[in-house]
Amino acid sequence: MRKQVLVTADRGETRVAILEAEGEPSAGSGNGASAGGRRGRGRRRAAGPRVVPRGWRVGELYIERRSSRSIVGNVYKGRVDNVLPGLEAAFVDIGIDKNGFLHVDDIVIPGVEVQRRGRVGGKGQRISQLLKPGQEIIVQVVKDPLKTKGARLSMQLSIAGRYLVYVPQGEGIGVSRRLEDSERDRLRRRAAKLDLQGGGAIIRTAARGASREDFEREIKYLHKLYEILQQRAAETPAPAMVFQEADLPVRVVRDIFSAEFDRAIVDDEKQHARLVSFFKRTAPELLERVEVYSDEEPLFERYGVEEVIQSTLSRRVDLPSGGYLMIDYAEAMTVIDVNSGSFTGRGKSARLEDTIAKTNLEAAEEVVRQLRLRDIGGIIVIDFIDMARARNRDAVLKTLRKMLDEDRTKTYVMEISPLGLVEMTRQNVTDGVREILTKVCPTCDGEGVVLSEETVALDAERKLRDLVAERPEPEAYLIQLNPRVSSLLVNGPGQPIVELEGELGKHFHFEGSEGLSIDHFAVAMEGSREEVEERALPFREGEEVLVTIEEPHMYEEDDAVAKVDGYVISVAGAGALIGEKLLVRIDSVTRSAASASLVDGSLAGAGAPGGEERSDGGSRRTGRGRGRGRGRGRSTAAATE
């Protein structure tokens, strides 16, 4: 598997993409890179969206912002805030908004045996004996704060290099299981008798092909970092950070840059300097693979990564043969549904089982790609299309597990259930691309649905009855509602508001704009019928208003309709003038609609003769009546212009 790393940095955001391809890259991909220089952030040179170069695809995406940088890997000197024996955990103040969570399994104290989770009566001390409120401890963040949860902490510190992870409180040498057995044995021999200064180490996957000299050089560097960490911890009062993990580009390149990589292309001089500095210390032989992008066209647009980033926000993901995935997120899990879509098989002899199997095989590959692109973690349930043959079920599961071999994040996959479901877990460490790019909808508050207009209209009727019962003195009320709701009350089946007024002996008028939330309800005014009507009706008979003709009249083909915040104005003789801006004279007004006629010779251009220029850019000429400047009338010109 060939790989490239793309790094682009702006004022407040750094983004990294990993491109992957089988074998050699295609000849026509082009790199747009040079050994030096700085690209200008100018306009694009080519029209139309770019795509990822042939043979390559975006395998992983990472986004980091200054305002919400990941704290995974940071080491803090914290203060124990609370110890909860019932949860076998402690909450630790590390100087951020939420206290971190430290479980008993993550407590490491040299020379002290800890009683692990669920071992009641076993050997070792319980958490209430190990930690006390106010006690200062050194902890490392292993999981970012996610949603309502604080950061996950561990007292088992680890400092990562390119080839090794140094574990000061550990012992012995471990080797990544992603390496072949023969390579693991070779690396274990090369790392034997390293001076670990009483700690332990883990040999990383990126160490494939490394020599003993590589290990010796890196362990000295990691020891020096740990000495600096200890010194800062001794001098700094809690709570405070005493060691910060490297920037996003350095982390990604450090973790995955190996012989598989063609190059890292960087469009920012500062990030380029950081990568060069890192490789000078750890792998000087790879310096020539780090390049500065100096083309005028933005790096991510050049390689089609921008389109891939936008695709991660969509629920639907199409498959090559016509099927598709639907990805839905919940608090505790992510559910992925596989659908055959437009794929009905190939040829006249196509069989249902073969069609289903092909769709599921494509889905298994795309599911893993989406898990990596979106960095989806936690519990994941995949609903494959039911397959009758065990052979096909095994093939789909085998494909899924094979694709997961490319995923650097820890996963665990169960067998396909009788219902065709695959349950799996994927380690959840940081927010994914979707969580970084989006926020919870303020209207639905993350529910994904809002109340229907009919539901809100029925609720508004109940609120009007309660209003009259609480304040029966006024003769009329002006209520703020979304126009779609008030339209149902006034013009809906049976005209509910007329029946309600007859029942209660009161009068109701409505105002509001489409900008109001669908369930908004507020009393804007109450008083006599004349006072409320004066404010509520947006126009007076004889008033001249500039409007845009929006659509044909439903019943009169010669007429047309203009709308102002949901208020309908029927314009006689305007059927052939859809889209035009016209001056009309109001002939009659009701609380839900008005009728108007064209002002002779008033096809509007720059405004109507004799019109009064308004501060909001519209124009109005009054006849017998006058403009209210309140209620709907307040936004008439602006809304219709």
Side-chain angles (χ1 to χ4, degrees), residues 443 451 453-492 494-547 562-569 586-596 612 614-616 618 620 622-640:
T443 300
L451 296 173
E453 289 85 352
E454 184 178 11
T455 300
V456 178
L458 291 170
D459 186 57
E461 286 188 54
R462 290 188 284 269
K463 289 180 178 178
L464 291 175
R465 287 190 176 90
D466 294 340
L467 175 64
V468 172
E470 293 174 4
R471 305 205 292 266
E473 295 81 10
E475 182 184 5
Y477 305 85
L478 178 60
I479 309 298
Q480 286 184 344
L481 291 177
N482 186 291
R484 286 174 287 160
V485 177
S486 59
S487 178
L488 277 179
L489 289 172
V490 175
N491 299 317
Q495 293 185 304
I497 201 64
V498 175
E499 183 178 340
L500 190 64
E501 287 179 335
E503 174 188 337
L504 301 176
K506 304 292 182 181
H507 296 275
F508 301 102
H509 290 273
F510 304 101
E511 69 173 10
S513 67
E514 289 289 348
L516 292 177
S517 62
I518 195 68
D519 57 350
H520 181 83
F521 181 97
V523 180
M525 181 183 177
E526 55 186 38
S528 67
R529 181 176 182 179
E530 292 75 15
E531 291 172 338
V532 173
E533 195 171 272
E534 170 72 13
R535 170 172 167 176
L537 295 181
F539 309 109
R540 293 286 294 272
E541 293 181 8
E543 187 174 348
E544 293 180 0
V545 184
L546 185 64
V547 299
K563 293 182 180 179
V564 180
D565 283 337
Y567 188 83
V568 176
I569 303 175
I586 304 298
D587 297 326
S588 64
V589 183
T590 67
R591 63 179 144 198
S592 63
S595 60
E612 177 188 352
R614 293 173 51 183
S615 60
D616 58 9
R620 166 179 290 173
T622 57
R624 293 176 301 174
R626 57 183 177 83
R628 307 294 190 282
R630 296 173 296 179
R632 280 198 189 93
R634 179 171 45 202
S635 58
T636 299
T640 56

Heavy atoms only: give me the nearest V545-I586 pair and the separation to one decimal. CG2-CG1, 4.3 Å
Side-chain heavy atoms of L489 within contact of L500, under 4.5 Å: no
Can you tell if the side chain of L478 reaches within under 4.5 Å of the side chain of R535, non-hydrogen atoms only? yes
Could you walk me through whether S595 and S588 satisfy the side-chain hydrogen bond (donor to acceptor under 3.5 Å, both in side chains) test, starting with their C-alpha distance in whole Å, then the side-chain angles of each, then the deciding distance to 0.1 Å, before giving a yes or no? CA-CA 5 Å; S595 60; S588 64; 2.5 Å; yes
Is any side-chain heavy atom of V468 closer than 4.5 Å to one of Y477? yes
Counting only N and O atoms by type, is there a donor-acceptor contact under 3.5 Å from the side chain of K506 to the main-chain atoms of R465? no
Go through R540 and E534 one step at a time and tell me if the salt bridge (charged side-chain N to carboxylate O under 4.0 Å, His left out) criterion holds. CA-CA 9 Å; R540 293 286 294 272; E534 170 72 13; 3.8 Å; yes
How close do S528 and A476 get, counting heavy atoms only, and between which atoms? O-CB, 4.0 Å
Within-4.5 Å side-chain heavy-atom neighbours: E526 and E473: no
For residues N482 and E514, determine if any side-chain heavy atom of one lies less than 4.5 Å from a side-chain heavy atom of the other. yes
Taking every heavy atom of S513 against every heavy atom of P483, the minimum-distance pair comes out as O-CD, 3.3 Å
Report yes or no: does E511 contribute a side-chain atom to a donor-acceptor pair with the main-chain N or O of A536 at less than 3.5 Å? no
Inter-residue atom distance L504.CG - E499.CD, 0.5 Å rounding: 10.5 Å
Would a 4.5 Å heavy-atom cut-off, applied to side chains only, mark I479 and V523 as touching? yes
Whether the side chain of E453 engages the backbone of I518 through a donor-acceptor N/O pair (distance < 3.5 Å, no angle test) should be reported. no
For I569 and F539, work out which heavy atoms get closest and say how close. CD1-CE1, 3.7 Å
Working to the nearest 0.5 Å, report the span between CD of E501 and NE2 of H509. 7.0 Å
Once you round to the nearest 0.5 Å, how far does CZ of F508 lie from CG of L481? 11.0 Å
Reported CZ-to-CD distance for the pair F521 and Q480, which is rounded to 0.5 angstrom: 10.5 Å
Within the structure provided, determine whether I497 and L464 are in side-chain contact (heavy-atom separation under 4.5 Å). yes
